[in-house]
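Read the structure below first, then the notes.
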Amino acid sequence: QVQLVESGGGLVQAGGSLRLSCTASRIFYGDVMGWYRQAPGKQRELVATMTDGGSTDYVDSVKGRFTISRDNAKKTVDLQMNSLKPEDTAVYYCYSRRVGTVYTYWGQGTQVTVSS
């Protein structure tokens with residue numbers, strides 16, 4: 001069983017920063033890890049991903065502000081969020097997609113609220 005646990009969410013003023021962290025109980029070679037978010041009343045969107053080889057991708061709205069990183073030895077994936085905007089308010093979910101299988105694992109989510 002693979003479990004993902006997020007931490008680091010909270011309430012910040014616009015322009016502030018937060019760092020989200022996700023710890024996996026187990027990872028596999030080639031796993032893609034990253035972060036989704038879902039704002040109230042809106043569709044879930046992929047925010048950032050990182051492959052096992054270090055390639056990254058970001059949704060346009062966070063480029064230049066958010067940075068994803070991972071440490072396979074520690075089984076963690078982090079999301080540094082700078083210059084936060086009220087539009088970033090959402091529940092953020094860590095995920096791990098096991099390449100070569102049908103399995104995708106999800107954390108329980110952590111709330112990020114950015115006030116005006």
Side-chain angles (χ1 to χ4, degrees):
Q1 182 179 2
V2 176
Q3 294 179 315
L4 303 175
V5 180
E6 303 106 329
S7 64
L11 172 65
V12 297
Q13 294 284 334
S17 298
L18 284 173
R19 187 177 183 90
L20 306 183
S21 184
C22 173
T23 300
S25 62
R26 185 178 182 182
I27 62 172
F28 298 86
Y29 178 77
D31 283 356
V32 176
M33 302 184 72
W35 296 86
Y36 277 81
R37 68 184 180 187
Q38 187 164 23
K42 297 184 178 180
Q43 297 289 331
R44 184 188 301 173
E45 68 173 347
L46 183 61
V47 179
T49 63
M50 178 173 278
T51 68
D52 191 41
S55 297
T56 60
D57 198 16
Y58 301 89
V59 66
D60 286 346
S61 61
V62 309
K63 288 180 178 177
R65 300 189 296 119
F66 291 10
T67 302
I68 189 172
S69 61
R70 65 188 285 178
D71 186 331
N72 286 347
K74 297 180 179 179
K75 300 188 288 292
T76 60
V77 57
D78 292 356
L79 186 68
Q80 178 66 46
M81 305 185 296
N82 298 326
S83 301
L84 284 162
K85 303 175 181 180
E87 305 92 272
D88 296 317
T89 296
V91 178
Y92 284 71
Y93 297 91
C94 173
Y95 84 95
S96 177
R97 179 170 293 113
R98 187 178 174 186
V99 174
T101 77
V102 299
Y103 298 113
T104 298
Y105 305 98
W106 297 88
Q108 66 180 1
T110 185
Q111 177 71 47
V112 172
T113 302
V114 184
S115 62
S116 301

For the [atom1] atom of [X] and the [atom2] atom of [Y], what is their distance to the nearest 0.5 Å?
| X | Y | atom1 | atom2 | answer |
| --- | --- | --- | --- | --- |
| K85 | S115 | NZ | OG | 15.5 Å |
| D57 | T49 | CG | OG1 | 5.0 Å |
| L79 | T110 | CG | OG1 | 11.0 Å |
| D31 | N72 | CG | CG | 8.0 Å |

Any link between [X] and [Y] through a network of hydrophobic side chains (Ile, Leu, Val, Met, Phe, Trp, Tyr) touching at under 4.5 Å?
| X | Y | result |
| --- | --- | --- |
| V91 | M33 | no |
| V32 | I68 | no |
| L84 | Y93 | no |

With sequence neighbours excluded, residues passing salt bridge (Lys or Arg N to Asp or Glu O under 4.0 Å) with D60: K63

Results of salt bridge (Lys or Arg N to Asp or Glu O under 4.0 Å) for R19 - residues two or more places apart only: D78

side-chain contact (heavy atoms from CB on, under 4.5 Å) partner of F66, the single match among N82, L20, V47: V47

For residues 39-46, run the donor-acceptor check on the side chains, cut-off 3.5 Å, and write out each pair with its distance to 0.1 Å, sequence neighbours left out.
unit_1 : atom_1 : unit_2 : atom_2 : d
E45    : OE2    : R37    : NE     : 2.7
E45    : OE2    : R37    : NH2    : 2.9

Identify the heavy atoms of [X] and [Y] that sit nearest to each other, and give their distance.
| X | Y | answer |
| --- | --- | --- |
| M50 | T56 | CE-CG2, 3.1 Å |
| L4 | C22 | CB-SG, 3.9 Å |
| S83 | R65 | O-NH1, 3.0 Å |
| Q111 | A90 | NE2-O, 3.4 Å |

Side chain E6, main chain C94, donor-acceptor under 3.5 Å: yes

V114 backbone acceptor or donor facing T89 side chain under 3.5 Å: yes

Hey, can you pull the donor-acceptor pairs under 3.5 Å for the side chains in residues 96-106, sequence neighbours left out?
unit_1 : atom_1 : unit_2 : atom_2 : d
T101   : OG1    : R98    : O      : 3.0
T101   : OG1    : Y103   : N      : 3.1

Test side chain to side chain contact (heavy atoms under 4.5 Å, CB included) applied to W35 and V77, step by step: CA-CA 9 Å; W35 296 86; V77 57; 3.9 Å; yes

Derivation and outcome, side chain to side chain contact (heavy atoms under 4.5 Å, CB included), residues D88 and M81: CA-CA 9 Å; D88 296 317; M81 305 185 296; over 6 Å; no

R26: partners by side chain to side chain contact (heavy atoms under 4.5 Å, CB included), with sequence neighbours left out: V2, F28

Listed partners of S7 passing side chain to side chain contact (heavy atoms under 4.5 Å, CB included), at least two apart: S21

Y95 and Y36 aromatic ring geometry - parallel, tilted or perpendicular at 30°/60° bounds: perpendicular

